[in-house]
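Report on one structure; see the data block that follows.
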Amino acid sequence: MGGIKKIVKRPAQVASQELPATGELLSHFRYTAGHHRVPQREKTMTMRELDIQFQNAMNELQASFEKQHREWQQSYQALQQQLEAAQQREMALRMQNEQLMRKLSTASSVPEQHALIKQIKMLGAHLDALAKDAATFNRYAHNQQHASGNFSGEQHG
């Protein structure tokens, strides 16, 4: 890793020199490697060009790595925020669920204490009282009819 930092921190003048295309450089390198009569100056230039190209490739690799790292970091942060929001929603839903479970538990264990059940029972009691009153009234009305019919001499069968 120290080697990469060393390469990246090369002087700007080396990185700004013009470079031949990769294919040209490789052809030239193969040519020079295959012939022993290449002057020392040409061999040094080829190695220098290769070094410059290597430096540029390492700089591009590092820049690409840093860019990818930033993108992953942003993605991670976005996912982290989504996770936190989901956990907050889950917590709120759990609290609401517990509250509803307590209400349901209270309503089913002591139904007389539930307001709606109290009202239904009260309404039922009123209906029972009205039904008794109606039955009493019907017996009274029937008896009145029967009694008045006996006085008039009519007979009902």
Side-chain angles (χ1 to χ4, degrees), residues 1-27 29-30 47-157:
M1 188 97 185
I4 292 175
K5 287 183 180 177
K6 195 176 196 183
I7 290 169
V8 171
K9 294 181 180 178
R10 300 277 297 186
Q13 62 193 26
V14 174
S16 66
Q17 292 180 358
E18 283 191 33
L19 299 174
T22 306
E24 291 174 20
L25 182 62
L26 288 176
S27 306
F29 187 71
R30 284 189 196 117
M47 292 305 289
R48 181 175 166 88
E49 290 172 355
L50 185 59
D51 183 47
I52 291 169
Q53 208 165 35
F54 177 75
Q55 298 300 325
N56 287 338
M58 292 304 293
N59 289 339
E60 286 179 32
L61 179 64
Q62 184 174 3
S64 174
F65 174 79
E66 289 171 355
K67 179 183 176 194
Q68 186 64 51
H69 181 72
R70 280 191 306 275
E71 289 173 3
W72 284 343
Q73 189 71 26
Q74 290 170 349
S75 177
Y76 172 79
Q77 289 172 350
L79 289 172
Q80 191 69 28
Q81 289 173 348
Q82 289 175 3
L83 175 63
E84 289 171 7
Q87 287 173 335
Q88 288 175 353
R89 285 192 305 271
E90 181 185 13
M91 178 80 77
L93 289 172
R94 282 182 189 269
M95 290 172 57
Q96 186 179 10
N97 189 30
E98 288 175 14
Q99 187 179 31
L100 292 171
M101 291 296 288
R102 281 194 302 272
K103 283 184 178 179
L104 181 62
S105 171
T106 302
S108 63
S109 65
V110 188
E112 294 79 24
Q113 291 181 358
H114 196 270
L116 183 59
I117 293 176
K118 284 182 182 178
Q119 290 174 350
I120 290 172
K121 286 188 173 191
M122 194 181 321
L123 186 59
H126 284 296
L127 288 174
D128 287 344
L130 286 173
K132 285 180 185 175
D133 288 347
T136 303
F137 177 76
N138 283 338
R139 277 196 302 275
Y140 174 77
H142 181 67
N143 286 340
Q144 285 298 327
Q145 251 184 352
H146 205 56
S148 67
N150 286 343
F151 289 119
S152 63
E154 298 176 17
Q155 289 191 337
H156 294 281

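FYI, the numbering just counts along the sequence from 1.
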Who passes side-chain hydrogen bond (donor to acceptor under 3.5 Å, both in side chains) against Glu98, sequence neighbours left out?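 side-chain hydrogen bond (donor to acceptor under 3.5 Å, both in side chains) check on Glu98 returns nothing, list empty.
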
Quick check: do [X] and [Y] have side-chain heavy atoms less than 4.5 Å from each other?
X: His69; Y: Gln73; result: yes
X: His142; Y: Asn138; result: no
X: Gln62; Y: Met58; result: no

Step by step, would you call Asn59 with Gln55 a side chain to side chain donor-acceptor pair (under 3.5 Å)? CA-CA 6 Å; Asn59 289 339; Gln55 298 300 325; 5.7 Å; no

Enter the distance from [X]:[atom1] to [Y]:[atom2] here, rounded to the nearest 0.5 Å.
X: Arg94; Y: Met101; atom1: CZ; atom2: CE; answer: 13.0 Å
X: Leu83; Y: Tyr76; atom1: CG; atom2: OH; answer: 9.0 Å
X: Asp128; Y: His126; atom1: CG; atom2: NE2; answer: 10.5 Å

Tell me, please, which residues at least two apart from Gln96 pass side chain to side chain contact (heavy atoms under 4.5 Å, CB included).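 For Gln96, the residues satisfying side chain to side chain contact (heavy atoms under 4.5 Å, CB included) (neighbours in sequence not counted) are Leu93, Leu100.
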
Sequence neighbours left out, what passes side chain to side chain contact (heavy atoms under 4.5 Å, CB included) with Lys67? Give chain and number order.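 For Lys67, the residues satisfying side chain to side chain contact (heavy atoms under 4.5 Å, CB included) (neighbours in sequence not counted) are Arg70, Glu71.
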
Within residues 129-144 or reaching into it, pairs that qualify as salt bridge (charged side-chain N to carboxylate O under 4.0 Å, His left out) - sequence neighbours excluded: none

Set of residues satisfying salt bridge (Lys or Arg N to Asp or Glu O under 4.0 Å) with respect to Glu84, sequence neighbours excluded: none

Can you list the residues that meet the salt bridge (Lys or Arg N to Asp or Glu O under 4.0 Å) rule with Arg89, with sequence neighbours excluded?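 If we apply the salt bridge (Lys or Arg N to Asp or Glu O under 4.0 Å) test to Arg89, skipping adjacent residues, there are no hits.
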
Under a 3.5 Å threshold, yes or no: a donor from one side chain and an acceptor from the other, between Gln53 and Glu49? no

Distance-only side-chain donor-acceptor flag, Glu60 / Asn56, under 3.5 Å: no

